[in-house]
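Start at 1 and go down the list; that is how both ligands and their atoms are numbered.
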Amino acid sequence: MLDDWIHLHTPGLPDAPVLLMLHGTGSNERDIAGLAGMLHPDATVLSPRGRVSENGMNRWFRRLSEGVFDVEDVVTRSAELVDFIARAREAYGLEGRQLIAVGLSNGANIALATALLRPDVIDRVVAFSGMFPLDDRELDTDLSASAIFLANGVSDPMAPHESVNRLVAALDARGAEVTRSSRPGGHGIDQADFAAAQEWLRQHAA
Ligand code: MLT
């Protein structure tokens with residue numbers, strides 16, 4: 001049920017995309033929704049709150065320790081997000097509209113997991129400080145219609161370079177179009193990430 005999800009919905013122009021905003025650990029739907037207007041002022045915004053609590057911090061899936069994910073839970077929560085998207089599309093009349101998932105950190109990781117598992121539901125992702133979220137999970141999906149933007153700091157201990165390389169290899173192997181923006185520094189979003197994401201959106205938003 002859509003009522004099971006705390007979320008924001010802000011209508012935009014009908015010919016602009018829907019931005020699915022996915023917050024990071026300890027944040028919420030309001031904080032991340034604030035980015036949407038700067039990325040695409042005409043977009044419709046859907047911003048749900050992650051339903052996992054880690055010591056009171058909102059998250060999208062459980063982790064065993066920092067950077068070590070409970071992959072079963074990633075898959076389960078990704079399926080729940082797919083269900084949220086379907087319900088929100090129906091409730092808000094968004095069927096047929098282009099949807100672009102925009103995630104930061106843990107939000108980027110659930111967006112990327114869903115893009116890898118369900119490219120029929122999420123085929124456009126802007127991922128800030130994301131990494132490979134599915135460890136050794138077998139994947140048999142075709143991502144040849146997907147386009148993924150990755151912005152990462154090259155010395156990010158929370159989204160290590162090797163994991164981002166593994167992510168890029170997994171996306172490439174499944175045929176996705178991958179745009180990678182690397183900058184000096186660590187976790188989060190900086191101006192360079194933001195400017196590169198805006199440019200990518202200019203090219204990829206329908
Ligand atoms: C995760 O758990 O998804 C990543 O380690 C990033 C974060 O701390 O949320």
Side-chain angles (χ1 to χ4, degrees), residues 5-7 19-36 39 46-82 84-85 100-119 121-122 124-137 139 148-171 176 178 180-190 192-194 196-197:
W5 290 83
I6 296 170
H7 67 282
L19 295 188
L20 176 72
M21 304 301 293
L22 301 167
H23 63 76
T25 300
S27 182
N28 62 44
E29 69 287 355
R30 288 183 304 279
D31 289 345
I32 191 83
L35 274 186
L39 285 170
L46 268 183
S47 191
R49 182 182 296 184
R51 300 197 298 181
V52 169
S53 173
E54 183 185 270
N55 302 321
M57 294 187 296
N58 301 318
R59 279 181 58 83
W60 292 98
F61 53 81
R62 285 197 295 265
R63 60 181 164 181
L64 308 177
S65 60
E66 196 172 289
V68 183
F69 303 153
D70 176 342
V71 174
E72 276 310 309
D73 198 54
V74 176
V75 173
T76 303
R77 302 294 177 171
S78 168
E80 290 180 5
L81 182 63
V82 163
F84 167 79
I85 294 168
I100 303 176
V102 178
L104 167 62
S105 184
N106 186 238
N109 294 338
I110 194 71
L112 292 163
T114 309
L116 284 158
L117 294 164
R118 291 296 304 272
V121 177
I122 292 185
R124 295 284 179 280
V125 177
V126 172
F128 296 106
S129 291
M131 60 188 272
F132 188 66
L134 291 168
D135 199 15
D136 291 331
R137 188 87 186 183
L139 287 170
I148 312 290
F149 171 82
L150 306 172
N152 291 90
V154 293
S155 47
D156 180 352
M158 289 164 87
H161 204 54
E162 309 76 63
S163 180
V164 183
N165 287 343
R166 185 174 177 192
L167 170 65
V168 171
L171 292 167
V178 181
R180 188 171 180 179
S181 174
S182 300
R183 56 160 170 81
H187 209 66
I189 306 182
D190 82 355
D193 299 329
F194 205 73

Stepwise salt bridge (charged side-chain N to carboxylate O under 4.0 Å, His left out) test for R166 and D136: CA-CA 11 Å; R166 185 174 177 192; D136 291 331; 3.1 Å; yes

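By the side chain to side chain contact (heavy atoms under 4.5 Å, CB included) test, D193 pairs with F128, A151, R183, I189, D190, sequence neighbours left out. Qualifying salt bridge (Lys or Arg N to Asp or Glu O under 4.0 Å) partners for D31, counting only residues two or more places apart in sequence or in other chains: none.
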Name the atoms and distances for all side-chain donor-acceptor pairs under 3.5 Å in residues 105-112, with sequence neighbours left out.
{"residue": "S105", "atom": "OG", "partner": "H187", "partner atom": "NE2", "Å": "2.7"}
{"residue": "N106", "atom": "OD1", "partner": "W60", "partner atom": "N", "Å": "2.7"}
{"residue": "N109", "atom": "OD1", "partner": "M131", "partner atom": "N", "Å": "2.8"}

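Heavy-atom minimum distance, F84 versus H7: CE1-CG, 3.8 Å. Considering every non-hydrogen atom in both R59 and R62, the closest pair reads NH2-C, 4.3 Å.
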Distance dump, ligand 1 polar atoms to protein, N/O, under 3.5 Å:
{"residue": "ligand 1", "atom": "2 (O)", "partner": "R59", "partner atom": "NH1", "Å": "2.8"}
{"residue": "ligand 1", "atom": "2 (O)", "partner": "R59", "partner atom": "NH2", "Å": "2.9"}
{"residue": "ligand 1", "atom": "2 (O)", "partner": "R63", "partner atom": "NH1", "Å": "3.4"}
{"residue": "ligand 1", "atom": "3 (O)", "partner": "N106", "partner atom": "ND2", "Å": "2.8"}
{"residue": "ligand 1", "atom": "3 (O)", "partner": "N109", "partner atom": "ND2", "Å": "2.8"}
{"residue": "ligand 1", "atom": "8 (O)", "partner": "R63", "partner atom": "NH1", "Å": "3.1"}
{"residue": "ligand 1", "atom": "9 (O)", "partner": "T25", "partner atom": "OG1", "Å": "2.5"}
{"residue": "ligand 1", "atom": "9 (O)", "partner": "R59", "partner atom": "NH1", "Å": "3.3"}
{"residue": "ligand 1", "atom": "9 (O)", "partner": "S105", "partner atom": "OG", "Å": "3.4"}

